Amino acid sequence: MNVVSENAGPVALLEATAEARTLIEELTGLAEELKGREERLGELLAPSEAALRARTEYLDNVMRDELARAEQRVLKLAEEVSGIARRLKEEGLQMSARLAEADARHRSERAGHERLRTIVSLLAMLLGGFLAGQVASWRSGAKETIRPAAIDQGTSATKGAPAAPRRTAGHGTKPTTKPAR
């Protein structure tokens with residue numbers, strides 16, 4: 001949701017409040033104007049009772065009309081404000097639901113990433129162990145073949161045939177088959 005739509009409700013509420021204040025000021029001005037007219041009428045009309053009643057009725061009618069118009073404007077503004085408040089409430093509920101959904105999705109993704117990291121770590125450890133075993137096996141096989149030829153020939157020269165290299169306890173030969181993956 002963008003900033004404009006978030007501020008639309010409060011801005012409309014402030015505008016409605018300002019318009020209501022303007023209407024109240026207009027009504028106050030009209031009331032003062034009517035009082036001025038009443039004073040002028042009082043000066044112009046004869047102080048008879050009939051003239052006083054007519055003047056009072058006229059002023060009452062004018063005031064009622066103005067108040068009825070102002071009341072209609074205020075009711076219309078109140079309905080607009082109520083509608084804006086309902087929309088804001090609905091949008092707030094929708095936003096809360098979207099945020100909860102996004103949080104759940106993030107948690108699920110994070111758990112998946114953690115599982116993948118764990119699997120990769122385990123595979124790296126297994127591969128490292130396997131490679132370490134291969135290197136150790138290769139080194140032990142290489143040590144046996146690196147022996148000086150004079151030592152091997154000196155011991156086997158008495159027998160007349162070449163002797164196979166001796167195997168010491170704990171050393172194996174270099175594997176000839178490929179490791180399973």
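Note that the structure is a prediction, hence the values are computed from the model and not measured.
From E26, atom CD reaches atom OG1 of T28 across 10.0 Å, with rounding to the nearest 0.5 Å. Residue Q94 holds its CD atom at 12.5 Å from CZ of R87, rounded to the nearest 0.5 Å. Atom CG of L59 is separated from atom NZ of K35 by 11.0 Å, given to the nearest 0.5 angstrom. Taken to the nearest 0.5 Å, the CZ atom of R37 stands 6.0 Å off from the CG atom of L34. A distance of 6.5 Å separates CG of L99 from CG of D103, quoted to the nearest 0.5 Å. We find the CG-CG distance between L127 and L131 to be 4.5 Å, quoted to the nearest 0.5 Å.
With hydrogens and angles disregarded, no donor-acceptor distance shorter than 3.5 Å links the side chain of S108 to the backbone of A104. Listed for the S137 side chain is no donor-acceptor partner under 3.5 Å among the backbone atoms of G133.
Screening V74, I24, L77 for a side chain to side chain contact (heavy atoms under 4.5 Å, CB included) with E19, the sole residue that qualifies is L77.
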TODO: Using the salt bridge (Lys or Arg N to Asp or Glu O under 4.0 Å) rule, take R98 and E101 through it: C-alpha gap first, then chi angles, then the decisive distance, then the call.
DONE: CA-CA 5 Å; R98 282 188 225 130; E101 181 181 316; over 6 Å; no

task: Report the C-alpha separation of L122 and M125 in whole Å, then their side-chain angles, then the decisive distance to 0.1 Å, and conclude whether the side chain to side chain contact (heavy atoms under 4.5 Å, CB included) test is met.
output: CA-CA 5 Å; L122 286 172; M125 288 183 346; 3.8 Å; yes

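Side chains of S82 and R86: a donor on one and an acceptor on the other come within 3.5 Å.
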Taking only distance into account, with no hydrogens and no angle test, what donor-acceptor pairs under 3.5 Å do side-chain atoms of residues 60-73 form with protein atoms, sequence neighbours excluded?
from	atom 1	to	atom 2	distance (Å)
N61	ND2	E57	O	3.3
E66	OE2	R69	NH1	2.7

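The salt bridge (Lys or Arg N to Asp or Glu O under 4.0 Å) search around R115 returns none, not counting sequence neighbours.
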